[in-house]
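To keep things clear, I will list the structure first and then write my remarks on it.
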Amino acid sequence: MPNNPTAAAAAASDLRIRLHHKEGRPGHHSHPHSRGGAPEKTHQRATREIKVVRRVLDANDIMADQNRKLFSEKKVFVLNMMSSPGSGKTTTLIKTLGKLMTGLRCAVIVGDICSTYDADQLSVTGAPVVQINTDEFGGDCHLAAHVVARALSDIDLDEIDLLVVENVGNLVCPAEFDMGEDARVVVLSVAEGEDKPIKYPLMFRQCDAALLNKVDLLPYLDYDKDLAVSNIRQIHPEMPIFSVSAKTGEGFDPWLEWLKGRIKVKLG
Ligand code: MG
Ligand code: ZN
């Protein structure tokens, strides 16, 4: 691996994009970092893919450490928000910023494969918003550290206290990529079923808190909230779980207190 971390990240990223092109089945998103992906034809290919995955993740960790150092120097707390598509991340974030921006200077980086829908919605908060379209980086279904580093050139870190990164909607690989953040939260809507923590354990293991969103829908659903909570606890016993409705604002105070507490520990 090259000594220069940026070069290492670029090389790994390039390798990954080439791999997508070379080995991606037509119409399918080849996914060298995931444990699933295209079936292996030979043992040799499997070994090569594992090496590439290792290189991509190593390079990502180097970039993530650089980001973390910069965030510390600039005294910025960084929150990585993850979830499946449609869980209500953006609405939850709009509500959260509405309550926090009275005391904290906030900015948002939002990741999607395509479109500026979320950035347009988030602009109502008045916070600076940078939309990343991963299409330009090979169409990745997650944000990686070098992609976030690039977006930082559009944000004045001296002018903010909190940077929220809204990840690409996906419960799988975003959990594998450190971006240098201080805290990770997963948003899980009650419309998604109780089984998701068991099916996507890495996400729930990696996150520091879970938001159980859309609880205003509970009267209309056959949803066993106790089971959902116990499934989360099975994966991550100590994880704080906040039941919220981004629509009605129900349950936001404990979540905001938790987040403010975490920010205070870093920024004082
Ligand atoms: Mg969104
Ligand atoms: Zn991905």
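For ligands, and for the atoms within them, numbers begin at 1 and follow the listed sequence. Being a predicted model, the structure only gives us computed values, none of them experimental.
Residues passing the salt bridge (charged side-chain N to carboxylate O under 4.0 Å, His left out) test with Asp65, sequence neighbours excluded: Arg68. Taking the side chain to side chain contact (heavy atoms under 4.5 Å, CB included) definition, one finds that Asp154 meets it with Val130, sequence neighbours left out.
Judged purely by distance below 3.5 Å, without hydrogens or angles, the side chains of Asp112 and Gln131 pair a donor atom with an acceptor atom. Checked by atom type, the side-chain pair Glu192/Ser87 shows no donor-acceptor distance below 3.5 Å.
When Asn167, Leu143, Leu57, Asn80 are each tested for a side-chain contact (heavy atoms from CB on, under 4.5 Å) with Phe177, only one passes: Leu57.
When ND1 of His142 and SG of Cys141 are joined through the Zn ion (ligand 2), the resulting angle is 140° to the nearest 10°.
The salt bridge (charged side-chain N to carboxylate O under 4.0 Å, His left out) contacts involving residues 215-241 comprise nothing, where partners must be two or more places apart or lie in separate chains.
Protein contacts to the Mg ion (ligand 1) involving N, O or S atoms at a distance below 2.8 Å are Thr90 OG1, Asp118 OD2, Glu166 OE2.
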